[in-house]
Amino acid sequence: MPELPEVETLARELRDVLVGRGIIGVEVRWPRTVAAPDPETFARRLAGRRVLEVRRRGKWLLLGLDGEEWLLVHLRMSGRLAVEDAGAPEDPHTRVVFHLEDGRRLRFSDPRKFGRMALTARPEDWLGGLGPEPLDPALTPERLVGMLRGRRVRLKPLLADQRFLAGLGNIYADEVLWRAGLHPLRRADTLTPEETARLHGAIREVLEEAVARRGTTLADRRYVLPDGRPGEFAAHLAVYGREGAPCPRCGAPIVRARVGGRSAHFCPRCQR
DNA sequence: CAACCGACCTGTTCGC
DNA sequence: TGCGAACAGGTCGGTT
């Protein structure tokens, strides 16, 4: 469930349930999920800690704990995090279980096992390489112009590059480019100031609308809200997953192409 | 610096 | 119906 709107939604939902809660124990079922420290130390050091705050940075979820440490979680492709009653049926791909003092469980499930978590006093060691937050007001159109200068890369891979901007992935990079009317293969340093302003506006609009609709739930329903309801942005996708379907703006059939080893969806008429 | 590829993993969908 | 291929929201490290 991994892009910015889904992680932001997760952070908001978990904030209500987790802040102030204590962790009494941790079971690590798939050790490689724990990137650091080693799984035994991870579990031992988390026992007895309390969650003070829940935040998001890019696609990372950050749980601030007492004792000046942070639990960082990255869902990668298929990770899911949910607070459930101890008796609730458990997903067969559960990798880590946090026992909360109120008897409930914070369960991390992840079929593909790509998800990672870390317990650290130095979150900047993990997050330092990330680019700016796309919704930060400090990211102005002028600043975006500067970020694009000298970048000879194609727009699609650049938007999904976490060192450039933190939080966009395959779905939202495609949606942003469609909204901005820019071709995914366009070289980044060839945008006019007007096009850059359009790109800036598209980034904000797409992400803000997706967050307001609590993210995108795809057909596999891997990402759902705590009450099981889907995020509602899927119905508003213009291009992602819509190959052959009509462009909402001009009606031309949406095209899918390989860009940087991943599929890019775009309208051949609206996007140059 | 930029593009490409294989790893890391499992599950689901597609095409014949 | 069956079966292998292709594909999936992400990221990293190595090579060209």
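What you are looking at is a predicted structure, and each value in this text was computed from that prediction instead of being measured. To find a chain, count down the sequence lines: A is the first, B the second, and so on, and within it residues start at 1.
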>> Hydrogens and angles aside, do A:His99 and A:Glu27 bring a side-chain donor and acceptor to less than 3.5 Å of each other?
In response: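 Present: a donor and an acceptor within the cut-off.
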> Between A:Glu6 and A:Tyr172, does any side-chain donor sit less than 3.5 Å from a side-chain acceptor?
Replying inline: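 Yes, A:Tyr172 and A:Glu6 have a side-chain donor paired with an acceptor closer than 3.5 Å.
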>> So if I take every side-chain heavy atom of A:Arg258 and compare against C:dA8, C:dG9, C:dT11, which nucleotide ends up nearest?
In response: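 Of the candidates, C:dA8 comes closest.
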Categorize [X] for me: base, sugar-phosphate, or nothing, with a 4.0 angstrom heavy-atom threshold over every strand shown.
{"X": "A:Arg187", "result": "nothing"}
{"X": "A:Gly261", "result": "nothing"}
{"X": "A:Arg221", "result": "nothing"}
{"X": "A:Ser263", "result": "sugar-phosphate"}

Whole angstroms only, please: what is the [atom1]-[atom2] distance between [X] and [N]?
{"X": "A:Asp174", "N": "C:dG10", "atom1": "CG", "atom2": "P", "result": "10 Å"}
{"X": "A:Leu218", "N": "C:dC7", "atom1": "CG", "atom2": "C1'", "result": "13 Å"}
{"X": "A:Ile171", "N": "C:dC7", "atom1": "CD1", "atom2": "P", "result": "17 Å"}
{"X": "A:Arg262", "N": "B:dG6", "atom1": "CZ", "atom2": "C1'", "result": "14 Å"}
{"X": "A:His74", "N": "C:dT11", "atom1": "NE2", "atom2": "C1'", "result": "7 Å"}
{"X": "A:Met77", "N": "C:dT11", "atom1": "CE", "atom2": "P", "result": "10 Å"}
{"X": "A:Leu185", "N": "B:dA3", "atom1": "CG", "atom2": "C1'", "result": "12 Å"}
{"X": "A:Leu130", "N": "C:dT11", "atom1": "CG", "atom2": "P", "result": "9 Å"}

> Do A:Leu71 and A:Leu65 have side chains that get closer than 4.5 Å, going by heavy atoms?
Replying inline: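 A side-chain contact exists here, since the closest heavy-atom pair is under 4.5 Å.
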>> Do A:Ile203 and A:Leu199 make a side-chain contact, defined as non-hydrogen atoms from C-beta onward lying under 4.5 Å apart?
In response: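 Counting from C-beta outward, A:Ile203 and A:Leu199 do come under 4.5 Å.
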Under 3.5 Å, N/O pairs linking protein and nucleotides 14-16 of chain C:
none

> How does the hydrophobic cluster around A:Val259 look, that is, which other residues are in it when side-chain heavy atoms under 4.5 Å mark a link?
Replying inline: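 Members alongside A:Val259: A:Leu185.
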What distance, rounded to whole Å, do you find between the two [atom1] atoms, one in [N] and one in [M]?
{"N": "C:dG9", "M": "B:dT13", "atom1": "P", "answer": "15 Å"}
{"N": "C:dC7", "M": "B:dC5", "atom1": "P", "answer": "13 Å"}
{"N": "C:dT1", "M": "B:dT10", "atom1": "C1'", "answer": "23 Å"}
{"N": "C:dA5", "M": "B:dG6", "atom1": "P", "answer": "15 Å"}

> Counting N and O atoms only, with roles assigned by atom type, does the side chain of A:Ser109 sit under 3.5 Å from a partner on the main chain of A:Thr94, one being a donor and the other an acceptor?
Replying inline: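 No; judged by distance alone, with no hydrogens or angles, the pair does not exist.
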> Would a distance-only check, ignoring hydrogens and angles, find a side-chain to backbone donor-acceptor pair under 3.5 Å from A:His200 to A:Leu139?
Replying inline: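 A pair under 3.5 Å: yes.
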> Are A:Asp38 and A:Thr41 close enough, and set up right, to give a side-chain hydrogen bond (donor to acceptor under 3.5 Å, both in side chains), and what steps lead you there?
Replying inline: CA-CA 6 Å; A:Asp38 66 89; A:Thr41 309; 2.6 Å; yes
> How would nucleotides 9-16 of chain B be written as a contact map, 5' to 3', with B for base contact, S for sugar-phosphate-only contact and - for no contact, using protein heavy atoms under 4.0 Å?
Replying inline: BBS-----
>> If you compare every side-chain N and O of A:Lys59 against the phosphate oxygens of C:dG10 (OP1, OP2), does one of them come in below 4.0 Å?
In response: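 For C:dG10, OP1/OP2 do have a side-chain N/O of A:Lys59 under 4.0 Å.
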> Under 4.0 Å between a side-chain N or O of A:Tyr240 and OP1 or OP2 of C:dG9?
Replying inline: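 Result: yes.
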Please determine whether the number of non-hydrogen atoms from other residues, nucleotides or ligands lying under 6.0 Å from atom [atom1] of [X] exceeds 12.
{"X": "A:Glu124", "atom1": "CD", "result": "yes"}
{"X": "A:Arg29", "atom1": "CZ", "result": "yes"}
{"X": "A:Arg187", "atom1": "CZ", "result": "yes"}

> Can you list, by residue number, the residues of residues 151-162 of chain A that have a non-hydrogen atom closer than 4.0 angstrom to DNA chain B?
Replying inline: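 Heavy-atom cutoff 4.0 Å gives A:Arg151, A:Arg152, A:Val153, A:Arg154.
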>> Quick check: closest heavy atoms across A:Arg107 and A:Asp85, and the distance to 0.1 Å?
In response: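 Scanning both residues, the minimum pair turns out to be NH2-O, 3.8 Å.
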> Can you list every side chain to side chain donor-acceptor pair (under 3.5 Å) pair that touches residues 263-272 of chain A, not counting sequence neighbours?
Replying inline: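 Sorted pair list: A:Asp174-A:His265.
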>> Does the Lys NZ or Arg CZ of A:Arg249 fall within the cation-pi geometry relative to A:Trp178 - under 6.0 Å from the ring centre and within 45° of the axis?
In response: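 Yes - A:Arg249 lies over the ring of A:Trp178, closer than 6.0 Å to its centre and within 45° of its axis.
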>> Test salt bridge (Lys or Arg N to Asp or Glu O under 4.0 Å) on A:Arg222 and A:Asp91; report intermediate values, then the result.
In response: CA-CA 11 Å; A:Arg222 185 69 202 150; A:Asp91 183 291; 3.5 Å; yes
> Got a minute to check which stems DNA chain C is part of, using Watson-Crick or G-U wobble pairs under 3.5 Å, three or more consecutive?
Replying inline: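 Detected stem regions: B:2-8 with C:10-16, B:10-16 with C:2-8.
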